[in-house]
Amino acid sequence: MTDFRSDFMRIVHERGMVHQCSDAARLDELLAGGRRTAYIGFDCTADSLHVGHLLQIMLLRWWQKTGHKPIALMGGGTTKVGDPSGRDESRQLLTAEQIDANMASIRKSFANYLTFGDGAGDALMANNAEWLDTLLYIPLLRDVGRHFSVNRMLTMDSVRLRLERDQPLSFLEFNYMILQSYDFVELSKRYDCILQMGGSDQWGNIVMGADLGRRMQGAELFALTSPLLATSSGAKMGKSAAGAVWLNPERLSPYDFWQYWRNTEDADVGRFLRLFTELPLEEIARLEKLEGQEINDAKKVLATEVTALAHGQAAAEEAAETARRTFEEGGRADTLPTVDVDRTRLSAGIAAFELFHDAGLAPSRTEARKLIKGGGGRLNDRPIASDTEIIDDGDLEAGGTLKLSAGRKRHVLVRAV
């Protein structure tokens, strides 16, 4: 179906954000008739979401921008079980205190994308622990479990792939899809929620939730998934050489976030502009046609637009200006990410590979050694000859900092404190 009446369905299909949708024509009909409610679930396994979650957040943002009510469902309950999807081993179980702390921090990831409040179209952040923590085992088996076929559950990717690899799947994890399905039923009852969205790896679980709602309360529920994303070279979205690309500024500076998008592969620029920005499609079509050095201009637009959504316009413009001063003018921008190092430790001297790892320029000491041995490490803009070269307080420059560089595009200031 290509001719949609509702703004949401038209926009997300035009921008390539949809992988599968159950009964798209009927969902479009309902959305065209007035405000509706949809949700996406996020487990609280870390204190920030990352770029791998960003497409889901953009779906919620477009849902709200087109006049509907979004729910960001925090998995305060399901995190205690652990989603087996895409994993070969069980997740480490977190304490209730760790989950609560992560949940409070994750809210920051949504701050610039959704408008929360008490209005009819305002976003809501719900916590599935509210209903999952109070479930009794026998009633759960009788009222919910009887609607699930073990034969069908074994065909779900989250279960099937683990078993095919001869990796253990705990009974605890096997119950995850039941709890996720029950979330849909509860949100339908509490908020008249008609749609669950998620990544394409969640399709089976979401469809099971819609089916459970039909069986338990005769509800008309829908499923919509987005494509799982990888870069043109096959790399997983949300990962960089230094680790996960976090959305919270405490985990990753706006400058480093900007740089991640600035380093987008040429072939991905147009696709990422459609998925992760709100630029008009006509402007995106113009930008993705740029070739040669001009494609870098499109990458800067991408980086600034995505960073503005995540961290605000001021932070995005500051990151862009820092990059311009650092790379185009060869300057030393004071707004580069800064890492503090104990002055006594620096005075005694630190091997270059250790300091690169400590500064977040390499995910491990081994990778830091490879970087420097390959000629990619610089100290105060001069090449570092050896990975074991000692860096000490004699390398500090104006302002009591020294500059480390990994390649041409990643820089950190190290400050002695």
Side-chain angles (χ1 to χ4, degrees), residues 37-61 63-64 68-87 91-119 121-135 158 172-173 175-199 201-202 205-206 209 212-213 221 223-226 238 244 246-251 310:
T37 301
Y39 88 98
I40 297 177
F42 302 88
D43 276 343
C44 309
T45 52
D47 60 4
S48 170
L49 300 181
H50 53 72
V51 164
H53 297 106
L54 193 50
L55 184 49
Q56 310 310 314
I57 298 175
M58 289 300 295
L59 282 171
L60 289 178
R61 181 173 171 85
W63 184 262
Q64 186 171 46
H68 303 289
K69 185 178 186 68
I71 298 176
L73 179 65
M74 296 292 98
T78 43
T79 304
K80 297 171 184 175
V81 175
D83 183 359
S85 299
R87 298 183 66 85
R91 296 181 187 271
Q92 180 181 357
L93 293 180
L94 303 178
T95 66
E97 292 75 20
Q98 289 173 315
I99 292 171
D100 288 344
N102 287 346
M103 195 182 316
S105 183
I106 283 173
R107 188 180 182 105
K108 302 174 188 175
S109 299
F110 294 97
N112 291 320
Y113 289 95
L114 300 176
T115 301
F116 290 90
D118 299 323
D122 287 340
L124 169 69
M125 184 168 283
N127 177 4
N128 62 15
E130 291 180 23
W131 50 85
L132 295 183
D133 282 1
T134 61
L135 290 175
S158 59
L172 180 69
E173 294 172 290
N175 282 274
Y176 187 93
M177 69 179 73
I178 295 178
L179 300 181
Q180 180 177 335
S181 297
Y182 186 70
D183 284 343
F184 205 170
V185 175
E186 278 292 328
L187 291 173
S188 172
K189 288 193 296 186
R190 293 177 180 226
Y191 305 108
D192 195 23
C193 180
I194 67 165
L195 173 65
Q196 181 184 173
M197 298 184 285
D201 60 333
Q202 294 294 315
N205 290 349
I206 296 174
L212 182 64
L221 304 179
L224 186 149
T225 60
S226 60
W246 301 101
L247 299 185
N248 284 20
E250 296 85 359
R251 295 294 298 267

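Just so it is clear, the model here is predicted, and its values are computed rather than measured.
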H50: what forms a ring-ring contact (aromatic ring centres under 6.0 Å, His included) with it, not counting sequence neighbours? H53, W246
Not counting sequence neighbours, which residues clear side chain to side chain contact (heavy atoms under 4.5 Å, CB included) with N112? List them please. none
Give every residue pair that meets the salt bridge (Lys or Arg N to Asp or Glu O under 4.0 Å) criterion with at least one member in residues 178-193, sequence neighbours excluded. E130-R190, E186-K189, E186-R190
I'd like to check L187 versus W131 (side-chain heavy atoms, cut-off strictly below 4.5 Å). Are they in contact? yes
Work out which heavy atom in Y182 is nearest to a heavy atom in L132; give both atom names and the distance. CD2-CD2, 3.9 Å
All side chain to side chain donor-acceptor pair (under 3.5 Å) counterparts of D133, not counting sequence neighbours: K80
Non-hydrogen atoms of L221 and G213 that approach each other most closely: CD1-CA, 3.8 Å
When you measure from the side chain of S181 to the backbone N and O of M177, does any donor-acceptor pair fall under 3.5 Å? yes
Taking all non-hydrogen atoms of both residues into account, name the closest pair between P70 and G121 and its distance. CD-O, 4.0 Å
For G76 and M103 the tightest heavy-atom approach is CA-CE, 3.7 Å
Between the OG atom in S48 and the CG atom in N248, the distance rounded to the nearest 0.5 Å is 3.5 Å
Determine the minimum heavy-atom distance between F184 and G209, stating which atoms define it. CD1-C, 3.7 Å
Any pair with a residue in residues 99-113 that passes salt bridge (Lys or Arg N to Asp or Glu O under 4.0 Å), sequence neighbours left out, goes on the list, sorted by first then second residue, please. K108-E250
Measure across S109 and I57 and return the closest heavy-atom pair with its distance rounded to 0.1 Å. O-CD1, 4.4 Å
Does the side-chain contact (heavy atoms from CB on, under 4.5 Å) test come out yes or no for Y176 and D43, once each step is laid out? CA-CA 12 Å; Y176 187 93; D43 276 343; 2.6 Å; yes
How far does CG of L114 sit from CD of Q64, to the nearest 0.5 angstrom? 5.5 Å
To the nearest 0.5 Å, atom CD1 of I194 lies from atom OG of S188 at 9.5 Å
Hits for ring-ring contact (aromatic ring centres under 6.0 Å, His included) against F42, two or more places apart or cross-chain, chain-then-number order -> F110
I'd like to know whether M197 forms a side-chain contact (heavy atoms from CB on, under 4.5 Å) with L60, so could you lay out the CA-CA distance, the side-chain angles of the two residues, the decisive distance to 0.1 Å, and finally the verdict. CA-CA 9 Å; M197 298 184 285; L60 289 178; 4.0 Å; yes
Rounded to the nearest 0.5 Å, what separates atom CG in N102 from atom OG1 in T79? 8.0 Å
Under 3.5 Å, is there a donor-acceptor pair between the Q202 and T225 side chains? no
Within the 4.5 Å heavy-atom criterion, are I206 and Q180 side-chain neighbours or not? yes
Between atom OG1 of T78 and atom CG of L179, what is the distance when rounded to the nearest 0.5 Å? 7.5 Å
Calculate, to the nearest 0.5 Å, the distance between atoms CD1 and OG belonging to I40 and S226 respectively. 7.5 Å
